[in-house]
Amino acid sequence: MKKKRQEIILEIIRKVDVDTQEELAEILRQRGFKVTQATVSRDIRELKLSKVSVPGGRQKYVSMPDNTPQMEDRYIRVLRDGFVAMETAQNLLVMRTASGMAMAVAAALDSLNLPEVVGCIAGDDTIFVAARSREEADALSEKLKELLDR
């Protein structure tokens, strides 16, 4: 059931501009799947879906292919599109994003496989990026500034 549901999710996001988990859950329910927001959230994470900006100031979920050399530029573009500000707090890098972009930016960070990143927790517009030490958090901040300035 999970595999079929995830195949349907990929089909839906290819055909429809879906910008919220609730909207995706509703479409799945209309197609006969009994899902909760938590289930949809897990599916989005497992499928490595990200949000990208579309004309009209909206966003939509897209499937980001596995890391290839040309994908790094796409991940950096997601960072740029969503990034607002960041600051370190001990071993955490706290990133502010445009509203609704935190999950996409966190997924992009994870996909870049930066050695300083232990893991990310994303809300709506804030990401906590864990590093092993304050020094690594500071180094990560500098590295991200360089990536954003490219």
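Basis for what follows: all heavy atoms, side chains included, without hydrogens, waters or symmetry-related copies.
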Under a 4.5 Å cut-off applied to non-hydrogen side-chain atoms, are Glu11 and Arg31 in contact? yes

Group every Ile, Leu, Val, Met, Phe, Trp and Tyr by side-chain heavy-atom contacts under 4.5 Å, then state whether Val94 and Ile127 land in the same group. no

Locate the shortest heavy-atom distance separating Leu93 from Ser141; write the atom from each residue and the value. CD1-CB, 3.9 Å

Test of understanding: with salt bridge (Lys or Arg N to Asp or Glu O under 4.0 Å), list the residues that count as partners of Arg42, not counting sequence neighbours. none

Can you tell me how far apart CG (Asn91) and CG (Leu140) are? Round to the nearest 0.5 Å. 11.0 Å

Test salt bridge (Lys or Arg N to Asp or Glu O under 4.0 Å) applied to Arg45 - qualifying residues, sequence neighbours left out: none

Run the side-chain contact (heavy atoms from CB on, under 4.5 Å) test against Arg134 and tell me which residues pass, sequence neighbours left out. Thr88, Gln90, Asp138

CE on Met1 to NZ on Lys34, rounded to 0.5 Å: 8.5 Å

Taking only distance into account, with no hydrogens and no angle test, what donor-acceptor pairs under 3.5 Å do side-chain atoms of residues 76-86 form with protein atoms, sequence neighbours excluded?
unit_1: Arg80; atom_1: NE; unit_2: Leu148; atom_2: O; d: 3.2
unit_1: Arg80; atom_1: NH2; unit_2: Leu147; atom_2: O; d: 3.2
unit_1: Arg80; atom_1: NH2; unit_2: Arg150; atom_2: O; d: 2.9

Residues that Glu46 engages under salt bridge (Lys or Arg N to Asp or Glu O under 4.0 Å), provided they are two or more places apart: Lys2

Is it true that atom CZ of Phe33 has more than 12 heavy atoms of other residues, nucleotides or ligands lying nearer than 6.0 Å? yes

Mind running side chain to side chain contact (heavy atoms under 4.5 Å, CB included) on Leu144 and Leu114 for me, showing each step along the way? CA-CA 10 Å; Leu144 290 174; Leu114 301 170; 4.0 Å; yes

Taking CD in Glu87 as the centre, count heavy atoms belonging to other residues, nucleotides or ligands within less than 6.0 Å. Is the count above 12? no

Heavy atoms of Tyr75 and Ser111 approach each other most closely as CZ-CB, 3.3 Å

Does Lys3 have any side-chain contact (heavy atoms from CB on, under 4.5 Å) partners at least two apart in sequence or in another chain, and if so, which? Glu7

Please determine whether the number of non-hydrogen atoms from other residues, nucleotides or ligands lying under 6.0 Å from atom CG of Leu10 exceeds 12. yes

Is there a side chain to side chain contact (heavy atoms under 4.5 Å, CB included) between Thr126 and Thr97? Walk through the geometry before answering. CA-CA 6 Å; Thr126 305; Thr97 69; over 6 Å; no

Is there a side-chain contact between Arg5 and Val35 in this structure, where contact means two heavy atoms from C-beta onward sitting under 4.5 Å apart? yes

Is there side-chain contact between Arg132 and Val118, with heavy atoms separated by less than 4.5 Å? yes

All side-chain hydrogen bond (donor to acceptor under 3.5 Å, both in side chains) counterparts of Glu116, not counting sequence neighbours: Lys143

Distance-only donor-acceptor pairs under 3.5 Å for side chains of residues 15-25, two or more places apart:
unit_1: Thr20; atom_1: OG1; unit_2: Glu23; atom_2: N; d: 2.9
unit_1: Gln21; atom_1: OE1; unit_2: Gln37; atom_2: NE2; d: 2.0
unit_1: Glu23; atom_1: OE1; unit_2: Asp19; atom_2: N; d: 3.3

Calculate, to the nearest 0.5 Å, the distance between atoms CG and CD1 belonging to Leu47 and Ile9 respectively. 6.0 Å

Same apolar cluster: Met95 and Leu92, side chain cutoff 4.5 Å: no

For residues 98-106, which side-chain donor-acceptor pairs fall under 3.5 Å, sequence neighbours excluded?
unit_1: Ser99; atom_1: OG; unit_2: Asp124; atom_2: OD2; d: 3.0

With a 4.5 Å heavy-atom cut-off, do Ile13 and Leu49 have their side chains touching? yes

Once side-chain hydrogen bond (donor to acceptor under 3.5 Å, both in side chains) is applied, do any residues pair with Arg58, and if so which ones, sequence neighbours excluded? none

Taking only residues two or more places apart in sequence, or in another chain, which ones meet Asp110 in a side-chain contact (heavy atoms from CB on, under 4.5 Å)? Val117, Cys120

Applying salt bridge (Lys or Arg N to Asp or Glu O under 4.0 Å) to Glu142 and not counting sequence neighbours gives Lys145

According to a hydrophobic-cluster definition based on side-chain heavy atoms being under 4.5 Å apart (Ile, Leu, Val, Met, Phe, Trp, Tyr only), do Phe128 and Leu109 belong together? no

